Amino acid sequence: MLVTSVGKLRLERPGMVASGIMDETGPSMVRMLRSGAGAVVTKSIGSEPNPGHPNPTFTELKGGYINAMGLPNPGIELFGKEMEVASKSGNIVGSIYGSSPEEFSMLAGKMEEYGAVGVELNLSCPHASGYGMELGTDPAVIRSIVSAVKSAVSIPVWTKLTPNTHMIKDLAIAVYEAGGDAVVAINTVKAMVISPQFGKPILSNKFGGLSGPAIRSIGVRAVFDIRTAVDIPIIGVGGISDWKDAAQYIMAGACAFQIGSAVGTKGIDVFETVHSELERFMKDYGYGSIKDMVGVAHE
Amino acid sequence: MSDSVRIISIIEDSYDTKTFEFQWEEKVSPGQFIMVWVPGMEEIPMSLSKTNRIKSITVKKIGKDTQKLHDLNLGSPIRIRGPYGKGFDLKKSRNMLIIGGGVGTAAIIPAVKETGADTIIGARTDKDVIMDEVAGKYTKNLWIATDDGSRGFHGNAVQLMRKKAEEKEYDMILACGPEIMQYHLYNACVELGIDCQLSLERHMKCGAGVCGCCVMDDMRVCKDGPVFTKEQISKMKDFGTSKRDECGRSVKL
């Protein structure tokens, strides 16, 4: 009942681990797969090892989390060892970040070699200078990166989009025109938190990305918008912590979804809970498959 | 969850270690930790050395960030978030022995206070022994071990534990201290058939079980720990051998 397809990629369950969550090491990705996630998207991996920003990189706030990790990762060469452990246990989607079409293509090729079932292009991180949303808010840049990666690998190429734009529909159209296989929406919302007692921003990077329940309705709207603009598989992400949140994304047009912050607030068994409750809802309300539910809010 | 608190007292524990007390209403159990920050330092995890309405952190000066904390005065604000993680289970044992090594002693003090159990404090030398007075208030049997023999037992905390375990039947060891100490302690517990709960440490970023950078094998030190059971530790290949650096690379200890 929960089986879904993102383009050609079939998933037994529609909920995956979002990039950046318990996905930097082989053993932690295996644990997430065993906890009931349909797939795990890796930490975003670049060409070289990166320590990320200094702490504070994270804090709780009303309605969610804010983080500016700064894309910490061991680099694509060493990440091969983690993939070797993880890819044997289930679907691993390799998230990658770079600064040029060539760099993205090289990273995607490595991920394919490591056994990833797809790659997710991070064109949306809001807190890394020269990467992420600094590239991914320009449709022309998206087009050149997606088409380069498409010609470099044969596994599906997903593009994760930023909500920090007035033109997310144009970004999705650029992905579609370049032959991308799916869009993932949304990454975190660029944000800031200031300590009144110190009169200073708390994150060392000053600004970061907001996640959690506070951004769910922004994400649902983005998915709805993209669905009206372009016929491409959409993976919904942003503030999902229960079946109702997941159902909203699916009804807005997503064929699968990702969960991140709720791994912290609800625990690792959030995948088991969301999937079983979503299944019960589908039975109660007469949806025979995920496909039956995708985009119903448009009808 | 996160709060700014003011320091209401500062205790000099030794030449390089200070305890900072503050009032914080959150309920905390022995062994849990908080993330601590003031501008100009990197945010770091700290175990709580007092867990009542008045709480405290105990800071050994080992680098730039801990120096920044040592520079704080009475009334200075600090930003804290938490409490995080799983602390010690104090109900599982009838006769436990509690062991603190070095500044790790701070993390076991609340458990000593709550149980009154026999306690060993280990340190390099007499002048590195901390919190022995406060521990002595809560337990009848407090033993000190120093590596150079300048005070108490001449040897390390694990050697002293082996000696005490011959004299008395313990069913559980609780400990916090350097990983090398805990590694030998764990092996001693396996050999002697004593259960244990050890408080472990890794480089942390979120502290809240989200980012996964503090994992030992597949366990998050910040959320599944920092206190782990003997059973959990028995499955950890990283324990005593390797850790993840800030980039997530595996490096040998």
Side-chain angles (χ1 to χ4, degrees), chain A residues 17-18 20-32 34-35 43 45-46 48-62 65 67 69-70 72-75 78-79 81-82 85 193 195-204 211-212 260-268, chain B residues 1-7 34-45 64-65 75-86 202-224 235-238 242-251:
Chain A
V17 180
I21 312 298
M22 279 291 281
D23 51 8
E24 197 171 38
T25 72
S28 52
M29 290 191 274
V30 171
R31 180 174 177 193
M32 297 312 288
R34 289 192 183 140
S35 76
K43 207 97 167 170
I45 306 297
E48 298 296 330
N50 176 13
H53 298 310
N55 284 344
T57 47
F58 173 98
T59 192
E60 296 87 352
L61 35 72
K62 286 172 204 150
Y65 298 143
N67 88 84
M69 291 290 166
N73 78 98
L78 283 175
F79 200 65
K81 281 192 223 156
E82 314 299 338
V85 174
V193 56
S195 159
Q197 288 83 3
F198 293 125
K200 286 185 187 339
I202 289 171
L203 299 174
S204 73
S211 63
S261 301
V263 170
T265 53
K266 297 274 171 120
I268 279 173
Chain B
M1 247 348 222
S2 66
D3 231 328
S4 173
V5 293
R6 280 178 188 276
I7 294 167
I34 56 174
M35 297 294 286
V36 178
W37 177 71
V38 299
M41 68 176 278
E42 288 197 27
E43 188 185 43
I44 51 173
K64 190 171 76 51
D65 300 323
S76 295
I78 52 174
R79 183 175 192 270
I80 57 177
R81 55 188 181 90
Y84 293 119
K86 194 170 64 59
R202 281 297 181 271
H203 183 73
M204 273 179 201
K205 290 181 180 176
C206 80
V210 187
C211 72
C213 85
C214 66
V215 288
M216 296 179 71
D217 295 74
D218 63 354
M219 301 298 271
R220 299 163 294 179
V221 172
C222 72
K223 185 93 168 190
D224 303 306
K235 295 175 189 151
M236 287 179 182
K237 291 192 208 108
D238 286 349
S242 58
K243 62 174 186 177
R244 299 278 175 172
D245 70 5
E246 289 162 303
C247 305
R249 290 176 293 202
S250 181
V251 291

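Throughout, a chain's letter reflects where its sequence line sits, starting with A, and its residues are numbered from 1. Only a predicted model underlies this, so the values are computations on that prediction, with no experimental measurement involved. Atoms considered below: every heavy atom in the structure, side chains included; atoms not considered: hydrogens, waters and symmetry mates.
- For residues 75-86 of chain B, every residue pair satisfying the side chain to side chain donor-acceptor pair (under 3.5 Å) rule, not counting sequence neighbours, is listed here: A/T59-B/R79, A/E60-B/Y84, B/S2-B/R79, B/E43-B/R81, B/R81-B/Y84.
- The parts of A/I202 that come within reach of chain B are both its backbone and its side chain, each placing non-hydrogen atoms under 4.5 angstrom from that chain.
- Both the backbone and the side chain of B/C213 come within less than 4.5 Å of a heavy atom in chain A.
- Between B/P77 and A/F198, the shortest heavy-atom contact is O-CZ, 3.3 Å.
- When atom types are taken as modelled, the side chain of A/K43 and the backbone of B/C211 share a donor-acceptor pair closer than 3.5 angstrom.
- Here the closest non-hydrogen pair linking B/D217 and A/T25 is O-OG1, 4.3 Å.
- Under the ring-ring contact (aromatic ring centres under 6.0 Å, His included) criterion, A/Y65 pairs with A/F58, not counting sequence neighbours.
- Considering every non-hydrogen atom in both A/G264 and B/K223, the closest pair reads O-NZ, 2.8 Å.
- When each of B/C206, B/G212, B/G209 is checked for heavy-atom pairs under 4.5 Å with chain A, B/C206 comes out on top.
- Of the two parts of A/K81, neither the backbone nor the side chain holds a non-hydrogen atom closer than 4.5 Å to a non-hydrogen atom of chain B.
- In this structure, A/E24 and B/C247 approach most closely via the heavy-atom pair OE2-O, 3.5 Å.
- Heavy atoms closer than 4.5 Å to chain B are found nowhere in A/M29, neither backbone nor side chain.
- At a 4.5 Å heavy-atom cutoff, the contact between A/L78 and chain B is made by side-chain atoms alone.
- Of all the heavy atoms in B/M204 and A/N55, the pair that sits closest is O-ND2, 2.9 Å.
- Only the side chain of B/D224 has a heavy atom closer than 4.5 Å to any heavy atom of chain A.
- Interface remark: B/K205 contributes backbone and side-chain atoms alike to the contact with chain A (heavy atom separation under 4.5 Å).
- Both the backbone and the side chain of B/R220 come within contact range of chain A, with heavy atoms under 4.5 Å apart.
- Residue contact with chain B, scored on non-hydrogen atoms closer than 4.5 Å, involves the backbone of A/N50 exclusively.
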